[in-house]
Amino acid sequence: MRRREALAKLTGREQYVDDLPLDGFLWGMTVRSPAPRGRVTAVRFGKDVDWSQFVVVDDRDIPGPNVVALIEEDQPVLAAGYVRHVHEPVLLVAHASREAARRAVRSIEVVVEAEPAALDFRVVAPAEQIQYGTDNVLKRLKIEKGDVERALARAPVVVSGTYETGAQEHVYLETQGMIAYLEDDVLVVKGSMQCPYYVLKALQHALARDETRVRVVQTPTGGGFGGKEEFPSHIALHAALLALKSGRPVKLIYDRGEDMAATTKRHPALVRHRTGLSRDGRLLAQDVEVVIDGGAYVTLSPVVLSRAIIHAAGPYTCEHVRIQGRAMFTNAVPFGAFRGFGAPQTQFAGERHMDVVARTLAVDPVELRRVNLLKDGQTTATGQVIRDSTDRVAVMERALELSRYREKQGEHTAFNATHETLRRGMGLATFFHGAGFTGGGEVALKSRLRVAGRADGGVEVLSANIEMGQGTLTVFTELAAARLGLDPDDVTIAEADTSRVPNSGPTVASRTTMIVGGLVERAADDLRRRLGLDHSARGADVKQAIRRWHLAHPAEPLFGEAAYEKPPGIEWDDKSYRGDAYGAFAWAAYVAEVEVDLRTCATRVIDFTAVQEVGKVLNPTLARGQVQGGVVQGIGWALMEECTWQDGAMANNQLTNYLIPTSDDVPSIRVAFIENPYPHGGGGGAKGLGELPIDGPAPAIVNAVAAATGADPRAIPVTPERLMELMEIADFGLRNAD
């Protein structure tokens, strides 16, 4: 089946938020803090501007609490006399001319009496930088299984390692943007977002409006990757405040520089491993410490830390595990959701550490993984018993076979011995990703969905889950059409408008197809039941029944409904962090082949193989695209996407010097799936897929760099400058050994 929105996008007919027609509107702009921490002592308006022509909003114009409602109510809509990071919003201005609004922003000076700022999450901040409690710790979490200290004391071999991952910019094609206006007394906000009901909650709270006086509509969204999960609430509030004060529609669209400087990014992380092993490489104990930079406010850091520690032990069996995690407050621009949500950071550390262990023990990295990969009946770090019948070793073997791993190792030995300036190497990563919200998260969401029967006999799926390039419109159409025996053209997907669609949960956490897709099918079944049809009724019979119903009840809507139901046997204790963290895990093995130029220390990925078990694959083209896209993002994170920081904010906030992969940096990416349907997944057994592909590329690539060069990279991105230093260290060590 073709993508439902593909032709509109290919021909340029698709209307994104900045394309929407809007009469008599104002351009909104944001005035931001110039300092990372301190008291605002003055706001000075330039005398060269006629301010009577502008709408100006500050914290006094907020009708309700000055806070963006999310996990914690700590982040202000607009700073009220104190700032905690560079680029924190202080004022809003609006004008009919975009250029005039830009000039106005440049003419306003926010004066801050600077205070010492905490800018390094990896070190204990001096007393004068402490501003939260006694230690700037935002959140602590811990997983314990067995007796780690005793097992480490008895282990024949203990290997330690410290690993670092940098921030990563989302670089969605469409920047952040919102429009806001009043329809009578109803505030309407439209824009680029992943979670309409998150935005609705934030607007209701800060603007003191009930759900009847606020309406949120998702417009076609040009990419998200998590960057449009929580942050759109801020822009929605800013646009809304300007619209409410001016009485006119307001459009607030970030340009690329502002978007990169002021929005959330992937959390930087520091991960320490201490691993006890038998001499043949069996894991006896894992002691892991995870530290992430949360930035100036809580945002989603507690749940990012949660997923990070749950995945930190990797897809391996070990009876004694301790994982301690903490998220730190700093005066950096807050970090937030990004594809993988903490798991890429800890699985990079874990998979790089596995190769360090293999090198220490002088064992084959493949064999080290083979003897430790989880088997059915064994338990994860949280004590979750794995019973999904997936053969994780077979997943790895398939990746090795498709990549010609063994043959190429021999070829590389010959190549490296004869080539003066180039070195080649292969790297492997085996990993997993939990699908859906962690623990009891899906129960708490209480997701609901409707399938409506239209008067013409077709159906409409009403869901708050959105299309942002990943294929939701297509998959939901396929699921509804297949369930009712309809032609895909008989199915429409409703616009994600909170005044019309029920809250089916956010479009995050690899949950859309697995969980919400299941709701589509159950709501279709309920529609058929309400029509008095049995499960054998399909196609023309369903359409005819819908038409008859509307003729008999012309004034009444016809809906089939479904609500989330927890699969049997899933139990989770949020206090002890024990039990079934996820209803299902997806499993994967990735192999990277790299070539390193010894003259420049530049690394090129020349081949890549990705094999995954994600339950039932509903649409092979969309699934393959998800994997390939994740691999490309992973190449960037591993090798080139380096954020340069100044006062806790991104200094290289333009695409001329924040490098992302181009087509010239992307190799052939072979994608293969091993199917093992999950009984409770949508479409007859789908698991989550969207986030899994970002977990594996970085460790596979960096392991390949180590194999090619003999260097020991433990931090990403492995830029040429960083690799040059590491190779000099490795060369010095070899000369000393000689």
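A pairwise comparison of heavy atoms in Val508 and Cys195 identifies CG1-SG, 3.9 Å as the closest pair. Between Ala240 and Leu207, the closest heavy-atom pair is CB-CD1, 3.9 Å. Scanning both residues, Pro567 and Tyr678, for their nearest heavy atoms gives CG-OH, 3.8 Å. Residues Ala464 and Ala496 come closest through the heavy atom pair O-CB, 4.2 Å. The heavy-atom pair separating Thr299 from Phe335 by the smallest distance is OG1-O, 2.7 Å. The two atoms that bring Ile310 and Phe432 nearest to each other are O-CZ, 4.2 Å, heavy atoms only.
In this structure a side-chain-to-backbone donor-acceptor pair under 3.5 Å is missing from Lys687 to Met514. Of the possible polar contacts, none joining the Trp27 side chain to the Val93 backbone as a donor-acceptor pair under 3.5 Å is found. A side-chain donor-acceptor contact under 3.5 Å links Lys228 to the backbone of Gly223. Not one N or O on the side chain of Lys190 forms a donor-acceptor pair closer than 3.5 Å with the backbone of Val17. Not a single donor-acceptor pair under 3.5 Å links the side chain of Ser576 to the backbone N or O of Asp574. With hydrogens and angles disregarded, a donor-acceptor distance shorter than 3.5 Å links the side chain of Gln384 to the backbone of Tyr582. Remark: side-chain polar atoms of Arg215 are not paired, donor with acceptor, to backbone N or O of Arg500 under 3.5 angstrom. Using modelled atom types, one side-chain atom of Glu467 and one backbone atom of Thr472 make a donor-acceptor pair closer than 3.5 Å. A side-chain donor-acceptor contact under 3.5 Å links Gln194 to the backbone of Thr507. At least one donor-acceptor pair closer than 3.5 Å links the side chain of Glu88 to the backbone N or O of Arg84.
Using a 4.5 Å heavy-atom cutoff, the side chains of Tyr198 and Met193 are not in contact. Counting heavy atoms from C-beta on, the side chains of Ser306 and Leu141 come closer than 4.5 Å. Counting heavy atoms from C-beta outward, Cys643 and Lys265 have side chains that approach closer than 4.5 Å. Contact check for Asp259 versus Glu169: side-chain heavy atoms found under the 4.5 Å cut-off. Between Val303 and Phe437, the closest side-chain pair of non-hydrogen atoms is not below 4.5 Å. Counting heavy atoms from C-beta outward, Pro36 and His85 have side chains that stay 4.5 Å or more apart. Two residues are said to be in side-chain contact when any heavy atoms from C-beta on lie closer than 4.5 Å; Asn136 and Gln131 meet this criterion. A 4.5 Å side-chain heavy-atom check between Gln626 and Gln470 finds at least one atom pair inside the cut-off.
No donor-acceptor contact under 3.5 angstrom links the side chains of Ser504 and Tyr197, judged on distance only. Side-chain atoms of Gln345 and Thr165 include no donor-acceptor pair closer than 3.5 Å.
Leu445 contributes atom CG, which lies 9.5 Å from atom OH of Tyr564 (distance to the nearest 0.5 angstrom). Distance CG/Leu479 to CG/Asn619: 10.0 Å, rounded to 0.5 Å. Remark: Glu495 CD to Thr219 OG1 distance equals 8.5 Å, nearest 0.5 Å. One finds the CG atom of Leu305 at 5.5 Å from the CD1 atom of Ile309 (value rounded to the nearest 0.5 Å). Considering OH of Tyr577 and OG1 of Thr438, their distance stands at 6.5 Å, rounded to 0.5 Å. Note that CE of Met178 and OG of Ser192 are 7.0 Å apart. Values are rounded to the nearest 0.5 Å.
Salt-bridge check for Glu571 with Lys566: passed, with a basic side-chain N closer than 4.0 Å to an acidic carboxylate O.
For Arg13, there are no salt bridge (Lys or Arg N to Asp or Glu O under 4.0 Å) partners two or more places apart in sequence or in a different chain. Qualifying side chain to side chain contact (heavy atoms under 4.5 Å, CB included) partners for Thr346, counting only residues two or more places apart in sequence or in other chains: Val271, Val290, Ala308, His311, Ala312. Partners of Arg578 by side-chain hydrogen bond (donor to acceptor under 3.5 Å, both in side chains), not counting sequence neighbours: none found. Partners of Thr477 according to the side chain to side chain contact (heavy atoms under 4.5 Å, CB included) rule, which considers only residues two or more places apart in sequence or in another chain, are Met1, Arg4, Pro488, Val491, Ile493.
Within a 6.0 Å radius of CD in Gln654, more than 12 heavy atoms belonging to other residues, nucleotides or ligands are found. For Lys9, the NZ atom sits in a packed shell: over 12 heavy atoms of surrounding residues, nucleotides or ligands are nearer than 6.0 Å. Shown here is Asp255, whose CG atom has more than 12 heavy atoms of other residues, nucleotides or ligands within 6.0 Å.
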Inset, instruction - Given side-chain contact (heavy atoms from CB on, under 4.5 Å), test Phe225 with Gln633 step by step and report yes or no. - result: CA-CA 10 Å; Phe225 309 117; Gln633 274 186 319; 3.5 Å; yes
Inset, instruction - For Arg339 and His170, run side chain to side chain donor-acceptor pair (under 3.5 Å): C-alpha distance rounded to whole Å, both residues' side-chain angles, the deciding distance at 0.1 Å, then the answer. - result: CA-CA 9 Å; Arg339 188 179 196 173; His170 298 89; over 6 Å; no
Inset, instruction - Step by step, work out the side-chain contact (heavy atoms from CB on, under 4.5 Å) result for His267 and Phe121. - result: CA-CA 11 Å; His267 292 71; Phe121 74 102; over 6 Å; no
Legend entry - Evaluation steps, side-chain contact (heavy atoms from CB on, under 4.5 Å), between Tyr132 and Asp74: CA-CA 12 Å; Tyr132 303 94; Asp74 69 325; 5.9 Å; no
Inset, instruction - Starting from the C-alpha separation in whole Å, work towards a yes-or-no answer on side-chain contact (heavy atoms from CB on, under 4.5 Å) for Ile466 and Thr512. - result: CA-CA 9 Å; Ile466 64 97; Thr512 303; over 6 Å; no
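Sorted by first and then second residue, the pairs that involve residues 509-522 and meet salt bridge (Lys or Arg N to Asp or Glu O under 4.0 Å), not counting sequence neighbours, are Glu442-Arg511, Arg483-Glu521, Arg522-Glu565. Counting only residues at least two apart or on different chains, the side-chain hydrogen bond (donor to acceptor under 3.5 Å, both in side chains) pairs with a member in residues 229-246 are Asp61-Lys245.
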